[in-house]
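Only one structure is covered here, and it is reproduced in the block below.
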Amino acid sequence: MKQEKCPMCENKPSRAELQNGMKISESFTIVDCDACGHRYTFFGDDVSEEEIYQDERYKVIDNRNSVFDRLLSFEYKRVVNEIVKRYHSDISVLDFGSGKGKFLSLCKAAGFSTKGVETSLPRANFARKHYHLEIDSDYYSKGTLDRAPFTAITSFHVLEHLSKPKELLANLVRDNLTPDGLVVIEVPNMDSWQSIWAGKSWLQLDVPRHINHFNKSSIISVVGAAGLRPTKISYFSFHVGLLGMLRTCLGLVGYKGDIIYTLKNKKSLPLYLLIALLLPLSTVLELIASLFGKGGIIRIYASAIAAGGNA
Ligand SMILES: [Zn+2]
């Protein structure tokens, strides 16, 4: 695959745009689209999709009952509660890019009927085996999925990976969401303090796997193109936002390692000590950042314009 034009408006960047971009390596440049303002990863050379996901960060491990897993549960339960608040009963949820099934397992426990879409087989199988979830592993680009329509469609950290995020969400919503349904999207926040402070070494830049680098206005435009409007936006996440800020702070004191790899694979006492030292500061900074819309993630709740509401 290549990415030679803007994923949002299909504009081809000029030589000047490419020169002004943020060069990550010989092959990858982060470009601000002149036509629509969207920030994305440009690469003219063919890149194997399979190869780029061989990265250690994407390795599937069983971390159920770890501290990280508990944080994730805490995080996702807040979303489950938001859905319950709106619909009370007969709730069905489609999680697009359902990963290892953590979010859907909590939906199931809350009594929702659930379905996941996950093209990574190791992840889909994990969700089937450990949480007994129904997961569709076929590649989705359009059309109605089995058991549609759903009360809610959720997608956590997926749209930044797609070369046509607007089209995909619009198709998903048009054919699979109930008329008064809710969509919940979460993506990294390019305008966050942790991103600005870390620059090229921001944890959530994740080039070339992240093609889109969203901010509030670009993610609202994706949601708008699907005929939805935001009803609530939040910016704080323990597992992604806090980890990102911690990595940014570690970077500011000179740490250059891969924090995810190190935490997953080896016990490093100096790193643990450094983390213990910086965690309180990172937490406070990330909480303040979130209050100003500058947290590491954007979580947007949106519903169809036709459904009304007073957001
Ligand atoms: Zn554009």
Side-chain angles (χ1 to χ4, degrees), residues 1-60 97 119-120 122-123 139 157-168 187-215 218-219 222 240 243-266 268 271 296-298:
M1 72 186 220
K2 293 181 188 182
Q3 190 64 45
E4 295 178 296
K5 52 189 180 183
C6 173
M8 297 280 261
C9 74
E10 306 212 321
N11 185 60
K12 274 203 160 198
S14 65
R15 191 165 295 179
E17 265 176 272
L18 283 171
Q19 266 161 8
N20 294 334
M22 187 199 277
K23 210 163 173 53
I24 302 297
S25 69
E26 219 25 73
S27 313
F28 305 110
T29 306
I30 294 180
V31 177
D32 287 324
C33 174
D34 259 356
C36 76
H38 182 53
R39 182 172 286 187
Y40 65 97
T41 307
F42 175 96
F43 44 102
D45 298 334
D46 222 342
V47 166
S48 146
E49 213 164 326
E50 203 176 321
E51 245 164 61
I52 61 176
Y53 285 99
Q54 294 292 322
D55 193 276
E56 195 57 40
R57 198 184 285 199
Y58 290 85
K59 199 168 122 189
V60 179
T119 49
S120 154
R123 285 187 172 68
Y139 177 79
H157 295 272
V158 174
L159 294 187
E160 64 269 31
H161 295 264
L162 306 179
S163 57
K164 290 183 178 173
K166 264 187 180 170
E167 203 179 297
L168 188 280
V187 291
N189 181 9
M190 174 194 96
D191 285 349
S192 58
W193 288 354
Q194 53 174 272
S195 154
I196 294 164
W197 295 343
K200 277 184 191 185
S201 57
W202 183 38
L203 189 67
Q204 289 298 321
L205 216 48
D206 202 13
V207 167
R209 291 163 291 270
H210 289 186
I211 293 168
N212 301 290
H213 307 282
F214 292 110
N215 61 10
S218 56
I219 197 66
V222 172
V240 182
L243 186 68
M245 181 56 100
L246 181 63
R247 177 63 187 84
T248 291
C249 290
L250 284 165
L252 293 175
V253 299
Y255 175 80
K256 288 193 171 62
D258 182 336
I259 188 175
I260 294 178
Y261 176 79
T262 311
L263 291 179
K264 263 187 178 177
N265 293 284
K266 35 186 184 186
S268 159
L271 179 63
I297 58 107
I298 307 176

* To do: List the steps, then state whether side-chain contact (heavy atoms from CB on, under 4.5 Å) holds for V222 with M8.
  => CA-CA 8 Å; V222 172; M8 297 280 261; 3.6 Å; yes
* Kindly indicate, with the supporting measurements, whether the criterion side-chain contact (heavy atoms from CB on, under 4.5 Å) is fulfilled by Q3 and V47. => CA-CA 9 Å; Q3 190 64 45; V47 166; over 6 Å; no
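The shortest non-hydrogen separation linking G257 to R247 is O-NH2, 3.3 Å. In plain terms, the two heavy atoms of D45 and S27 that are nearest each other are OD2-OG, 4.3 Å. Minimum interatomic distance between S163 and P7 (heavy atoms only, all atoms of both residues): O-CB, 3.4 Å. Minimum interatomic distance between I211 and P208 (heavy atoms only, all atoms of both residues): CG1-O, 4.1 Å. Taking each heavy atom of G97 and V158 in turn, the nearest pair found is CA-CG2, 3.8 Å. Pairing each heavy atom of W202 with each of N189, the nearest pair is CH2-O, 3.3 Å.
The side-chain heavy atoms of C9 and H38, taken from C-beta on, include no pair separated by under 4.5 Å. A heavy-atom distance below 4.5 Å is not found between the side chains of I30 and M190. Looking at heavy atoms from C-beta onward, S195 lies out of side-chain contact with Q204 at the 4.5 angstrom threshold. Put simply, the side chain of H213 does not reach to within 4.5 Å of the side chain of E160, judged on heavy atoms. Using a 4.5 Å cut-off on side-chain heavy atoms (C-beta onward), T248 and L203 make no contact. Between E17 and N11, the closest side-chain pair of non-hydrogen atoms falls below 4.5 Å. Using a 4.5 Å heavy-atom cutoff, the side chains of Y255 and S201 are not in contact.
In this structure, the separation between CG on L18 and CZ on F42 is 4.5 Å, given to the nearest 0.5 Å. Taking OG of S218 as the reference point, atom CG of D191 lies at 8.0 Å (rounded to 0.5 Å). Rounded to the nearest 0.5 angstrom, I259 CD1 and L250 CG are separated by 5.0 Å. Distance NZ/K23 to OG1/T29: 4.0 Å, rounded to 0.5 Å. Note that CG of N212 and CD1 of I219 are 8.0 Å apart. Values are rounded to the nearest 0.5 Å. Distance CE/M245 to CH2/W193: 7.0 Å, rounded to 0.5 Å.
Heavy atoms from other residues, nucleotides or ligands lying under 6.0 Å from CD of E4 number more than 12. Within 6.0 Å of NZ on K12 lie no more than 12 heavy atoms contributed by other residues, nucleotides or ligands.
A donor-acceptor pair shorter than 3.5 Å cannot be found between the side chains of T41 and H210.
We find that D32 and R39 are joined by a salt bridge, their nearest charged nitrogen and carboxylate oxygen being less than 4.0 Å apart.
Aromatic ring orientation, F28 versus F43: perpendicular (interplanar angle above 60°, classes split at 30° and 60°).
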